[in-house]
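Bear in mind the structure is a predicted one, so any value in this text is a computation, not a measurement. Convention: sequence-line order gives letters A, B, ...; per-chain numbering from 1. Values reported hereafter were calculated over all heavy atoms of this structure, with side chains retained and with hydrogens, waters and symmetry mates removed.
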Amino acid sequence: MDLEVRNGEYLCLLGPTGAGKTTILRIISGLIRPDHGKVLFDDKIMNKVEPEDRLAVMLSQTYALFPQLTVAENILFGPDIRRYDEKVKNRTLADMLDLVRLTNRPDAYPNELSGGMMQRTALARALASGASVLLLDEPLRALDARLRISLRHELRSLAKSMGITTIHVTHDQDEALVMADRIAVIREGKVVQVGTPGEVFDNPATPFVANFVGQSNFFVGKVEGKSESTLVRGGSGQLVLARPCENAMGEKVVVGVKVGNTELHKEGEGFFDGVVERILFEGRNIYLDVDVPGLGRFSSKIPSWRLGRLAVGDRVKIKWSADKATVFAMPSDGLEKELRVE
Amino acid sequence: MSRLERATAFVSKPIIRNLWTWVVILFFLAFVMTPTLFVLTYAFTNWGLIQSDVIQNQEIMSQIWTAIANSFEIAAIVTIVDILMGLPMAWILVRKKFKGKELLDTLIDMPLAVPTAALGFSAAIFWGITPADLTNPLGLKIVSSPFILILLLHIIFTYPYMVRSLSAILEQIDQTYETAGQTLGASKLTAVRTITLPLFRAGLVTGIILCFARSLSETGGTVAALATIGNVDFNTAPTLIDSLQSTPALAFTSIVLIILALVLLVVVAIIVKRVHIPFRKVWPRPEKILSRGLGPRFKDATSVLFLVFMVLIPSFFVFTFVFTSEPSTSTDWSTFGQSLVNSFLIAGVVTVIDLALGIPLALYIAKNRSKWLPETLDVLVNVPLIVPTVALGFSLKLFWTGGTPVTGPFAIFLVMLAHIAFTYPLMVRNVTGAVEEVDSTYEETARTLGAKPIQSFRRVLFPMIKASILAGAVMAFTRSLGETGATRAVSTTVLTAPNYIVNLIKVNQDYYAAALACIILIIISYAIMLSLRYLTKRKRGVS
């Protein structure tokens with residue numbers, strides 16, 4: 001595992017449950033010691049530094065607001081411990097309450113607060129501690145769906161405005177895409193890909209990333225032609241197009257294409273045909289599963305206004321534009337294992 | 001840097017923290033564990049003496065086996081009665097809402113704060129047929145068998161443990177299981193019997209171990225009760241150890257008692273955990289009838305009557321005695337005063353040491369789960385709870401002095417060590433449980449916010465586990481205050497209040513003074529209990 005976080009950056013560690021994201025945060029904060037390897041802050045080795053001396057503050061998904069302390073006392077926990085001057089403390093408290101919009105609740109106890117208020121109090125407490133690194137462990141997980149989405153922007157802008165380096169752990173790809181300067185996709189304790197949300201989404205490094213960050217369809221075949229796009233032929237003879245690649249002619253490859261880029265048409269040309277098996281209405285979009293004989297299931301996400309034109313049992317043609325499809329070398333452990341989210 | 005900051009920084013150094021952990025572990029092993037079990041080595045070093053003085057002596061052997069059999073029979077019957085009568089009471093306390101519930105809750109605990117020597121006297125004059133010189137017009141005078149009297153006595157102070165263990169579990173059992181069973185067509189009784197009762201196992205193990213060990217261990221109350229009815233030849237294992245003189249016989253009895261107690265309790269724990277309660281079969285119609293109308297009312301009435309007549313009235317019957325009997329004149333009250341001072345001094349010092357060295361061990365165990373050393377310590381710490389205190393006292397004396405009689409301040413010091421041995425586990429148990437309940441992210445977050453370990457304990461963890469620490473301290477204090485057996489086993493010259501009462505009854509036959517001393521001791525114990533409870537309540541109100 002090798003990961004560099006830039007000063008003032010908002011980095012999301014994205015990965016499935018059990019990938020080791022929280023462990024990484026705990027190693028960075030010093031709560032656990034790594035068996036081997038180094039943790040460096042500005043080129044200084046931190047392995048033997050105690051958590052309280054690292055200036056890396058952790059915000060857990062349960063917030064861990066100290067129940068016996070009020071909002072104000074919670075926020076001042078760090079400044080108290082570090083024995084800030086009384087004046088500085090008062091100013092910090094006022095600033096923080098203002099920043100997280102809790103100016104009228106400084107004397108409330110945590111159990112009197114709503115989920116969003118608790119989240120904001122915990123954030124204020126973390127920021128007030130004078131830390132230079134903010135470690136967020138699934139900070140929005142315990143909130144209800146609507147609040148979670150509205151707090152995404154707020155959390156990011158607070159961290160950015162303070163100029164604090166933030167590492168945010170999440171398993172929610174939408175959250176990572178919206179919030180991060182860069183995303184590091186983690187799997188089984190290893191960094192699979194680091195890049196901007198755009199890079200990770202559009203240029204996934206592996207089939208796993210392609211499927212985990214925005215669901216993808218996969219097509220297995222052999223490279224049959226290479227020009228401005230790659231031509232791949234499947235086991236039953238179907239031909240599909242994808243972006244140029246560096247794989248050799250005749251090599252077994254996987255073509256991945258996001259479900260949102262998978263087009264379905266009743267008429268015209270397609271790479272292959274299938275029968276609509278299931279339609280899920282998701283509001284703005286509809287989600288269709290199409291059964292393709294010999295290839296299995298392909299999914300597609302299309303705008304809802306097209307719903308009227310397709311129905312279960314319809315025969316449709318499937319295609320995508322070549323520049324939306326990525327070619328990967330066939331994973332050595334097989335495609336199914338590569339895609340497993342565990 | 002201020003002095004406090006420098007001290008904080010010093011104790012936060014990893015090397016100092018590790019050192020302190022080792023000091024605490026070594027204390028536990030050297031001052032609690034080893035002395036408790038030291039008597040076992042006597043079997044190896046002095047087997048010849050045991051063989052010649054004890055095993056080949058028919059009379060002593062039969063005495064020992066009878067006493068041990070009595071002890072185990074009484075403990076077993078007491079435990080079964082406690083389960084049968086404690087279960088409905090736990091139900092009332094947890095599931096029912098009614099006026100006066102808090103009062104009932106307090107009443108259950110009342111016998112625990114009374115030193116058992118006082119309970120023994122009180123129960124004996126309530127139930128027992130007493131000698132002619134003990135005038136007691138209000139006593140029932142229906143029990144002449146010492147076996148039954150001791151049985152009735154032991155129910156009094158084990159019953160609260162069972163009710164507490166069972167209600168603690170019942171509180172954690174989700175009532176929706178039962179509701180689900182009922183919506184699927186089961187009557188209330190069927191649902192409780194087939195769904196909730198099997199979930200009780202953990203609480204049952206705790207309850208059985210506490211009750212069994214307490215009954216097996218009890219000395220003061222048993223001695224007092226037996227003396228009150230003028231018994232001469234009936235013995236339980238602790239009273240026999242209390243009366244034996246020869247070291248090999250004492251050692252042999254202690255060894256057998258310790259081994260049997262440990263084996264039996266391991267067996268009980270395994271049986272209760274492994275064996276399923278084989279009551280899958282249901283009888284819908286009779287159970288439906290029993291679930292309504294008179295059935296439940298009869299059950300509730302029985303359990304309340306049991307509490308009142310079998311536990312509370314015998315506990316406090318001693319209060320009637322001073323009004324109905326002739327005052328004695330020859331009592332030496334200054335000795336009683338001195339014994340009270342001794343008792344409180346010992347209990348106080350013991351509690352402070354339990355606090356200082358028990359909390360760190362509890363923290364170490366609770367925070368390092370899944371490592372072998374803390375797991376082992378977690379099991380070992382229960383051992384002094386199970387070992388009968390009189391055997392523990394004898395073992396400890398053997399360890400420190402080789403068995404020679406001790407007097408003076410050194411005797412008081414040894415008594416303190418003995419009391420620490422059996423109260424220390426209470427503190428560790430209480431605090432370990434409480435720390436495990438607290439999510440570790442609180443302290444971790446505090447650390448990343450800049451708190452050193454000691455600061456995060458003081459500011460974050462301590463306020464959350466304060467109540468349990470206090471509960472542990474109260475338990476340790478009252479157990480030490482009420483202890484008779486261990487004290488007498490270590491030294492007969494250290495006069496504590498319970499020992500003074502036992503002597504008044506057994507040696508002086510000064511029953512009036514004994515009753516008065518019991519009452520004074522009960523009142524002081526309650527004053528302390530209530531003020532501590534008041535203190536915790538008030539502090540909890542603030543946070």
Side-chain angles (χ1 to χ4, degrees), chain A residues 22 25-33 47-70 73-84 109-111 121-139 142 167, chain B residues 1-18 20-21 363 367-371 434-435 437-470 536-543:
Chain A
T22 303
L25 281 199
R26 292 167 64 85
I27 288 176
I28 297 172
S29 65
L31 292 169
I32 47 176
R33 296 259 159 93
N47 282 34
K48 287 199 172 155
V49 178
E50 292 285 325
E52 62 267 25
D53 301 325
R54 291 197 184 195
L55 293 177
V57 65
M58 176 99 127
L59 196 153
S60 81
Q61 46 178 290
T62 53
Y63 317 134
L65 289 176
F66 307 135
Q68 71 274 19
L69 305 180
T70 61
E73 288 164 344
N74 262 292
I75 294 176
L76 285 178
F77 185 87
D80 263 344
I81 290 278
R82 298 217 157 98
R83 302 200 168 255
Y84 285 6
Y109 284 97
N111 60 9
T121 308
L123 186 67
R125 180 179 65 179
L127 296 173
S129 73
S132 52
V133 180
L134 181 61
L135 305 169
L136 305 171
D137 187 3
E138 308 237 6
I167 302 176
Chain B
M1 251 211 258
S2 74
R3 192 171 293 176
L4 179 70
E5 278 173 70
R6 243 176 294 161
T8 310
F10 178 74
V11 298
S12 299
K13 281 183 187 164
I15 184 162
I16 300 293
R17 278 158 56 205
N18 282 335
W20 177 232
T21 304
L363 290 176
K367 290 182 177 180
N368 292 283
R369 284 278 173 209
S370 82
K371 288 185 196 159
V435 174
E437 295 273 295
V438 176
D439 191 344
S440 60
T441 49
Y442 285 115
E443 274 204 282
E444 288 176 357
T445 306
R447 292 292 300 279
T448 67
L449 285 167
K452 296 193 185 308
I454 192 165
Q455 291 171 316
S456 99
F457 172 75
R458 194 172 64 78
R459 289 176 179 237
V460 177
L461 188 59
F462 177 72
M464 295 185 189
I465 59 168
K466 210 164 45 184
S468 300
I469 291 178
L470 207 97
T536 38
K537 280 237 167 104
R538 211 186 50 182
K539 276 185 187 157
R540 238 182 262 164
V542 170
S543 63

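For B/Ser468, there are no side-chain hydrogen bond (donor to acceptor under 3.5 Å, both in side chains) partners, not counting sequence neighbours. With sequence neighbours excluded, no residue forms a side-chain hydrogen bond (donor to acceptor under 3.5 Å, both in side chains) with B/Gln455.
Here the straight-line distance linking atom CG of A/Leu25 with atom CD of B/Glu444 works out to 11.5 Å at 0.5 Å rounding. Here A/Ile81 contributes atom CD1 and B/Arg459 contributes atom CZ; the two are 4.0 Å apart, rounded to the nearest 0.5 Å. In this structure, the separation between CG on B/Leu449 and CD1 on A/Ile75 is 11.5 Å, given to the nearest 0.5 Å. Between the CZ atom of A/Phe66 and the CG atom of B/Leu461 there is a distance of 10.5 Å, given to the nearest 0.5 Å.
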Checking B/Val460 against A/Phe77 for the side chain to side chain contact (heavy atoms under 4.5 Å, CB included) test, could you report, in this order, the C-alpha distance in whole Å, the side-chain angles of both residues, the deciding distance, and whether it holds? CA-CA 10 Å; B/Val460 177; A/Phe77 185 87; 3.8 Å; yes
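When all heavy atoms of A/Arg82 and B/Gly450 are compared, the pair lying nearest together is NH2-CA, 3.2 Å.
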Taking distance alone, no hydrogens or angles, what donor-acceptor pairs closer than 3.5 Å link side-chain atoms of residues 125-135 of chain A to residues at least two apart or in another chain?
unit_1   : atom_1 : unit_2   : atom_2 : d
A/Arg125 : NH1    : A/Ala64  : O      : 3.1
A/Arg125 : NH1    : A/Asn74  : OD1    : 3.1
A/Arg125 : NH2    : A/Tyr63  : O      : 2.9
A/Arg125 : NH2    : A/Ala64  : O      : 3.0
A/Ser129 : OG     : A/Ala126 : O      : 2.8

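Contact residues of residues 48-61 of chain A toward chain B are A/Glu50, A/Pro51, A/Glu52, A/Asp53, A/Ala56, A/Val57, A/Met58, A/Ser60 (heavy-atom distance under 4.5 Å).
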